[in-house]
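Report on the structure given below.
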Amino acid sequence: MSARKKVVVPLNRVEGDLKVHLEYDGNKIYDAFSAGTMYRGFENIMKERGPLDGLVITPRICGICTTSHLYAAAKALDMISQAVVPDNATRVRNITLIAEQLQNDVRHHTMQFMVDATNPVYENAPFYEEAIERYTPIRGSSIVSAIQSTKRVLEIVSILGGQWPHSSFMVPGGVVSVPGANDIMQCKYVLRRFKSWYEKQILGCTCEEWNQVQSARDLEDWLESSPSRYSSDLGFYLRFGREAGLDRLGKGTENFISYGFLDMPRKTGVKSLGSTGYYFPAGFVSSGMVRQVNQHEIKEDISHSWFTNDETELHPYEGVTIPYATGSEGRRYSWAKAPRYDGHPAETGPLAQMMALQHPLFTDMVNQSAPSVFSRQLARIVRPALTISVMDQWLDEIAETDEPFFTPYNDIKNGQGHGMVEAPRGSLGHWVIIEDGRIKRYQVISPTTWNASPRDANGQLGPWERALAGTAIKNPNAPIEVDHIVRSFDPCLVCTVHCADLRWEV
Amino acid sequence: MSLNLFWLQCGGCGGDTWSLFNASSPNVVDFLEAQDINVLWHPSLSVQSHEEHRETIRRVTEGRERLDVLCVEGSVIRGPGGTGMYDDFDGSPKKDLVYALAAQAKHIVAVGTCASFGGIGADGEIEATGLQFHKHEPGGFLGEDFVSGGGRPVINIPGCPCHCDVIIGTLSAIAQGTPPELGDYNMPLEWFGVMVHQGCTRNEYHEYRVEEKRMGEKGCLFFYLGCHGPLVHGVCNKLLWNGRSSKTRVGVPCFGCTRPDFPQLYPFFETRNIEGIPLELPEGMDRAHYMAYKGMAAAAAPARLKKRKTRI
Ligand code: SF4
Ligand code: SF4
């Protein structure tokens, strides 16, 4: 026992403040506790407000997945008001959601995840000089290039929705904007420019060529098959990942959840990748089996969280948020609640989407060596290859039809509804109850709440706690493995709504 | 001599940082280089280890490292019960760090509405406040009389988020030794001397009182849908967002996110009114004149506006 010690590892380059508490035994992490360090109380801010106020307030939960919160808020209100959302509105909503995701995936990879490759612990690694050249903050060649291109793709959100971040153009019944032919044309130009940048800088080949990679074996061949692939950001990631052993790090819970990504318009030429009314299917994946997602099965446990309530496990329609701000109680250590699907913790995000989709490459990788930092981050950086063309097609479909973008909705006086979407970091849900024209209850489960979940009443660890526990650390004074593992989940603590940490007393 | 800048994130959503990355001319990279800005710390841009970060903070707070500009994003969180522990840094309240850094800074910029006036959490249980204002009231976290090392109050650049060109413009002015002239609520006149309404493509509808009654119609959003364009200062329709558009241009009412009381406590998407006339009238207007003028304007509205064919 004498070799055991507790350390706190704070992480920067995440949205919001994040600390992980680790317990070491020699060079091995034997236990991990994740805790955000800020509580903003959004759910309580929403109470008693006007019925549409979620459309304005909730995008402000997070400055980087602001459009996703808007989408979830609008969908909850669609349900309550029984609004009919015209196809064109669904297209506009989807296109802006993808644009937000494109910038997130690229920015997270280049400005957050890959910066760790420049850490001095890698000084003697073969990739170090190239890492410095590419990923030194502010100056690195890949970073400069990513900053330039990601801001441009966001122009699409602005053309269709007024601004990014934080607009409120999605409303129950559709969207308020009525883009004209030239607006659509402009979006197409912006997208075309982004696509060619993404293919040249990130992939080193076309999206179509990348999508031919169907197995771990194909991936090996892909890297070596041309100099442009080898020297692209993806090529560098593969080389770095191998050297740094990312494929042996951060296994996680091995359960995955995805609520389904991109609602399919009723009439569209886009072919769904699954069969559930979404472009990327919804699914809860456990032991390799994919199940339908039923929102009734989602509950939040607060047995280890700083909240006061008698019940420990509640569905979000019943959920309450009462910060436990006095005294201390041994086992509570985080202000993230613990979401569970049918009692199980689950990882969410791009890899979960790929698993729900039964994407051959990712299924193969996960079957061969369990989920890992390597596959998780790979899923994120190649996800745009599956969405850019769809976006383009929906833009064409808007240009070709003369259908409305909005259908008037019924007055919102009473009712309950939920909006479930896939944000850049994974499954996001808003559960809303309106009474007498006021918001009675508003509960949000953000993707990071799933991933950063603390333990539950049964002692099950959350996904990134699970991914950390058992990890061997090369240098306990500079545990770079912890950065890689946690960052592969693209953590966003501002997003985690109810998430704070008063003190650590486990 | 390069300018040392420290960017502190407090109780916010990070939106101002992501807005900053939207800047085009110059973009963030060119801007930092052109103004020779040395980023001592920015949570999304810095690579320092936690130990190095702490050391930077020690050097600055002990006066061993110059702090030319302190940017604060997000509100100062004081809850629960004044302890500040809803937002902690290294086990102590982040608000203490705000205080220690502010005491050393030559210039302080409150970036965004949360840092300026308290913003999203100002009425909530987290007891959030702005650096030198709490909503409309002077004071806030640092107190009404506070002046930074350069002898000036906190420069407030509100907006949710603050527009990227305002962030870069303000920092550029400071870097060049000509900090901006401040108006009401210590907001730079350069960008907060105009109303959001100025430059809105729906101005002609407004002029003739051609109003949108329900969402998704075409017209001005002032009478029914809660637009704050003529009531608040901001550059949304002058500089546009992402170089492209604005909320009101696409039919989203302006919610007044640069205002000290944002987010308002009454519902969004509806206009509070007295006998059909908005409770709050365009800044500087008196009620009697306004009613007479609007009645005439509506009667005089040209047919082309009433039967509009365009998509705005
Ligand atoms: S002012 Fe708005 S954009 Fe800025 S931190 Fe606050 S909520 Fe986010
Ligand atoms: S929509 Fe708002 S900003 Fe535009 S003209 Fe009307 S009142 Fe002014």
Side-chain angles (χ1 to χ4, degrees), chain A residues 10 12-13 15-17 37-41 44-45 49-53 55-57 60-64 66 111 115 118 137-138 144 147-148 150-151 154-155 157-169 171 174 176-180 323 325 405-406 408 478 494 500-503, chain B residues 11-19 21-24 27-29 32 39 43-47 49-50 53 77 80-81 85-91 120-121 123-126 160-161 214-216 218 236 241-252 255 257 263 266-270 311:
Chain A
N12 55 300
R13 277 176 290 110
E15 283 309 292
D17 297 320
T37 59
M38 182 167 74
Y39 172 72
R40 288 203 297 152
N44 293 335
I45 289 172
R49 283 189 161 270
L52 300 183
D53 285 8
L55 302 170
V56 181
I57 307 271
R60 270 91 186 172
I61 288 173
C62 176
I64 196 166
T66 156
M111 294 170 70
V115 173
T118 69
I138 310 174
V144 170
I147 289 178
Q148 312 268 32
T150 48
K151 73 179 160 57
L154 290 166
E155 291 173 20
V157 185
S158 191
I159 293 168
L160 300 175
Q163 72 178 71
W164 189 93
H166 299 343
S167 186
S168 306
F169 61 100
V171 296
V176 292
S177 60
V178 187
F405 293 83
F406 173 78
V494 292
D501 168 47
L502 291 189
R503 61 216 68 135
Chain B
C13 67
D16 302 294
T17 283
W18 296 105
S19 174
F21 291 146
N22 286 343
S24 272
N27 63 50
V28 173
V29 177
L32 294 173
V39 180
S44 300
L45 293 174
S46 297
V47 71
S49 70
H50 192 61
H53 177 39
I77 291 181
M85 288 305 279
Y86 279 149
D87 185 15
D88 91 275
F89 175 77
D90 261 4
I120 298 283
D123 296 301
E125 63 203 348
I126 61 168
C160 190
R214 278 193 325 214
M215 284 179 208
K218 296 154 209 161
C236 306
W241 284 89
N242 316 85
R244 291 286 184 173
S245 191
S246 72
K247 286 207 236 24
T248 64
R249 287 188 175 200
V250 300
V252 181
F255 302 117
C257 78
Y266 45 94
F268 292 103
F269 290 98
E270 35 187 277
R311 291 187 165 223

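Every chain is numbered from 1, with letters handed out A, B, ... down the list of sequences.
Interface remark: A:Asn44 contributes side-chain atoms only to the contact with chain B (heavy atom separation under 4.5 Å). Heavy atoms of A:Arg49 lying under 4.5 Å from chain B belong exclusively to its side chain. Neither the backbone nor the side chain of B:Thr248 comes within less than 4.5 Å of any heavy atom in chain A. With a 4.5 Å cut-off on non-hydrogen atoms, A:Phe405 touches chain B through its side chain but not through its backbone. For chain B, the nearby part of A:Val171 is the side chain; its heavy atoms alone come within less than 4.5 Å. Of the two parts of B:Cys236, neither the backbone nor the side chain holds a non-hydrogen atom closer than 4.5 Å to a non-hydrogen atom of chain A. Within the 4.5 angstrom heavy-atom criterion, atoms from both the backbone and the side chain of B:Ile120 approach chain A. For a residue to count as touching a neighbouring chain, one of its non-hydrogen atoms must lie under 4.5 Å from one of that chain's; by this rule B:Phe255 touches chain A with the side chain only. Neither the backbone nor the side chain of A:Pro51 comes within contact range of chain B; no heavy atoms are under 4.5 Å apart. A:Pro408 touches chain B through its side chain: at least one heavy atom from C-beta onward sits under 4.5 Å away, while N, CA, C and O do not. Proximity to chain B is limited to the side chain of A:Thr118, based on heavy atoms less than 4.5 angstrom apart. In this structure, no portion of B:Arg249 lies under 4.5 Å from any heavy atom of chain A.
When all heavy atoms of A:Val56 and B:Phe269 are compared, the pair lying nearest together is CG2-CE1, 3.9 Å. Minimum heavy-atom separation, B:Val47 to A:Pro137: CB-CG, 3.6 Å. Of all non-hydrogen atoms in A:Pro165 and B:Gly15, the two that sit nearest each other are CG-O, 3.8 Å. Taking all atoms of both residues into account, the shortest heavy-atom contact from A:Lys151 to B:Ser24 is NZ-OG, 3.5 Å. Contact between A:Ile159 and B:Val250 at its shortest, heavy atoms only, is O-CG1, 3.9 Å. Across all non-hydrogen atoms, the minimal contact from A:Ser167 to B:Lys247 is OG-CG, 3.9 Å.
Side-chain contact between A:Val157 and B:Arg244 is absent, with no heavy-atom pair separated by less than 4.5 Å. Inter-residue side-chain proximity for B:Leu32 and A:Ile138 is flagged as met; some heavy-atom pair is nearer than 4.5 Å. Taking the side chain as every heavy atom from C-beta outward, B:Cys13 and A:Arg40 approach each other to under 4.5 Å.
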TODO: Would you please test A:Trp164 and B:Asn22 for side chain to side chain contact (heavy atoms under 4.5 Å, CB included) and show each step?
DONE: CA-CA 9 Å; A:Trp164 189 93; B:Asn22 286 343; 3.9 Å; yes

Open item on the list: Go through it in stages, so that I can follow the logic: the residues are A:Met111 and B:Leu45, the test is side chain to side chain contact (heavy atoms under 4.5 Å, CB included), and I'd like the CA-CA distance, side-chain angles, deciding distance and then a yes or no.
Closed with: CA-CA 7 Å; A:Met111 294 170 70; B:Leu45 293 174; 4.2 Å; yes

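Counting heavy-atom pairs closer than 4.5 Å to chain B, the top-ranked of the candidates A:Ser158, A:Gly50, A:Gly161 is A:Ser158. Note on B:Gly243, B:Pro161, B:Cys257: by heavy-atom pairs under 4.5 Å with chain A, the leading option is B:Pro161. Contact count versus chain A (heavy atoms, under 4.5 Å) is highest, among B:Gly11, B:Gly81, B:Gly121, for B:Gly11.
Between the side chains of A:Gln163 and B:Asn242, no donor N or O sits under 3.5 Å from an acceptor N or O.
The distance from the CZ atom of B:Phe268 to the CG atom of A:Leu52 is 10.5 Å, given to the nearest 0.5 Å. A distance of 9.0 Å separates CZ in B:Phe21 from OG1 in A:Thr150, rounded to the nearest 0.5 Å. To the nearest 0.5 Å, atom CG of residue A:Leu154 and atom OG of residue B:Ser19 are 10.5 Å apart. From A:Glu155, atom CD reaches atom CH2 of B:Trp241 across 14.0 Å, with rounding to the nearest 0.5 Å.
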